[in-house]
Amino acid sequence: MKLILLAAAALIAAPAMAQDAAQQAAPATSAGSSPGGYGPTGSALSGPVQPGATVVFRQAPSPDQAYPAPAPLAKYPPCKRGQTDHCMQRGGH
């Protein structure tokens with residue numbers, strides 16, 4: 001029984017190992033860019049990249065550009081018990 005389970009697990013894992021090996025065998029080329037913060041410019045919904053197609057990488061925007069801070073409010077009321085957002089702490093410091 002254990003042998004059957006082991007064989008079934010090996011058959012299930014074999015396609016995943018073959019897929020990983022194929023991805024490692026075909027290295028991605030970039031136009032002299034340094035690693036980190038880069039990704040393909042196309043949409044992930046457009047499907048896989050066709051063989052022979054030129055892949056263009058662009059730098060990801062900085063966190064300040066990707067997630068800008070909200071505009072400040074004109075007035076901040078004093079905080080009530082348990083409130084921590086959009087208010088000022090009492091005490092005047």
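Excluded from the calculations below are hydrogen atoms, water molecules and symmetry mates; all remaining heavy atoms, backbone and side chain alike, are included.
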Under a single-linkage rule joining Ile, Leu, Val, Met, Phe, Trp and Tyr whose side-chain heavy atoms are separated by less than 4.5 Å, which residues share a cluster with Leu73? Tyr76, Met88

Checking one residue: Met1. Which other hydrophobic residues are in its cluster under the side-chain 4.5 Å linking rule? none

Among all residues two or more places apart in sequence or in another chain, which pass the side-chain contact (heavy atoms from CB on, under 4.5 Å) test with Gln50? none

As an exercise, state the distance from CD of Gln83 to CD of Gln89, rounded to the nearest 0.5 Å. 9.0 Å

Tell me whether Gln59 contacts the main-chain N or O of Pro61 through its side chain, where contact means a donor paired with an acceptor under 3.5 Å. no

